[in-house]
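First comes the structure, then the notes that go with it.
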Amino acid sequence: ATIPSTDAKVLANGTATVTALVTDANGNQATASQTVTVAETGPSISIGVVGQNDVVNVTQTTTGISISGTESNADGQTVTITILNSANQVVDTLTTVASAGTWATTLNQSQLSALQSGVYTIRAAVSDQNGNAALPASETVTIARSLEWVGTSGGDWSQGTNWSGG
């Protein structure tokens, strides 16, 4: 049997019991019930500013940076953070667990040292306990290991700490 979409749309998130009733030619009846989970409200995820202004300077590349954001309807679920280079290739993947509407992880010094100066996209994704995926969130971040790169790339000069260029 199929539940008409008009009936399904009015079900609230949570559990519902579906009951079937059959009657044979002699009037004998039988019923069967099944509890189902209704999950129409999917999760959502956002990512905050990285490195104070989305520019990771040379000092931050030696200490690591926090990457964090918020989520709804995904507490206890794994958040997958992917870092993509300018060619949209995944260069690193991190995971953390969402809790109390937030999530956070650290891109440590070792991971940052593998990333060249340039523009990267940091993308966060999560699904709820029912497998409903949130629309991924993304943030564009510039890694600037020197003032020369920052100046020629339109980056933020105030974030540079390597003043000994040549």
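Values reported hereafter were calculated over all heavy atoms of this structure, with side chains retained and with hydrogens, waters and symmetry mates removed. As the structure is a prediction and not an experimental result, all values here were calculated from the model.
Annotation for Leu21: atom CG counts as buried by contact number, over 12 foreign heavy atoms lying within 6.0 Å. Within a 6.0 Å sphere centred on CD of Gln109, heavy atoms belonging to other residues, nucleotides or ligands number more than 12.
Taking every heavy atom of both residues into account, Ser46 and Ala137 meet most closely at CA-CB, 3.7 Å. For the pair Gln60 and Ile65, the tightest heavy-atom approach, listed with the atom from each and the gap, is CB-CG2, 3.8 Å. Pairing each heavy atom of Ala98 with each of Val79, the nearest pair is CB-CG2, 3.9 Å. Across Ser44 and Ser72, no two heavy atoms sit closer than the pair OG-OG, 2.5 Å.
One distance of note links CD1 of Ile122 with OG of Ser138; it measures 10.0 Å at 0.5 Å rounding. To the nearest 0.5 Å, atoms CG (Asn132) and CD (Gln77) are separated by 10.5 Å. Here CD of Glu139 is found 6.0 Å from CD1 of Ile47. Values are rounded to the nearest 0.5 Å.
Applying the side-chain contact (heavy atoms from CB on, under 4.5 Å) test to Thr80 and every residue at least two apart in sequence or in another chain returns Thr78, Thr82, Thr93, Thr95. Judged as a side-chain contact (heavy atoms from CB on, under 4.5 Å), and not counting sequence neighbours, Ser86 has no contacts. With sequence neighbours excluded, the residues forming a side-chain contact (heavy atoms from CB on, under 4.5 Å) with Asp75 are Glu71, listed by chain and number.
If you chain together hydrophobic residues whose side chains sit under 4.5 Å apart, Val97 and Ile45 never meet in one group. In this structure, Ile81 is not a member of the same hydrophobic cluster as Val90, with clusters built from ILVMFWY side-chain heavy atoms closer than 4.5 Å.
Between Ile143 and Thr61 there is a side-chain heavy-atom pair separated by less than 4.5 Å. Residues Ile83 and Thr121 are not in side-chain contact: their nearest non-hydrogen atoms beyond the backbone lie 4.5 Å or more apart. Annotation: side chain of Thr70 is not in contact with side chain of Trp103 (no heavy-atom distance under 4.5 Å). With contacts defined as side-chain heavy-atom distances shorter than 4.5 Å, the pair Gln111/Leu94 qualifies. In this structure, Thr41 and Asn73 have side chains that are in contact, with non-hydrogen atoms separated by less than 4.5 Å.
A donor-acceptor pair is defined here as one N or O able to donate and one able to accept, closer than 3.5 Å; no such pair exists between the side chain of Asn28 and the backbone of Asp24.
Between the side chains of Thr19 and Thr31, not a single donor N or O lies within less than 3.5 Å of an accepting N or O. Judged by distance alone, the side chains of Thr35 and Thr15 never bring a donor and an acceptor atom under 3.5 Å apart.
When each of Asn130, Leu135, Asp128 is tested with Pro43 by the rule side chain to side chain contact (heavy atoms under 4.5 Å, CB included), just one qualifies, namely Asp128. Checking Thr140, Thr142, Val141 one by one against Asp54, the side chain to side chain contact (heavy atoms under 4.5 Å, CB included) holds for a single residue, Val141. The side chain to side chain contact (heavy atoms under 4.5 Å, CB included) with Asp92 is formed by just one residue from the set Leu84, Asn85, Leu107; it is Leu107.
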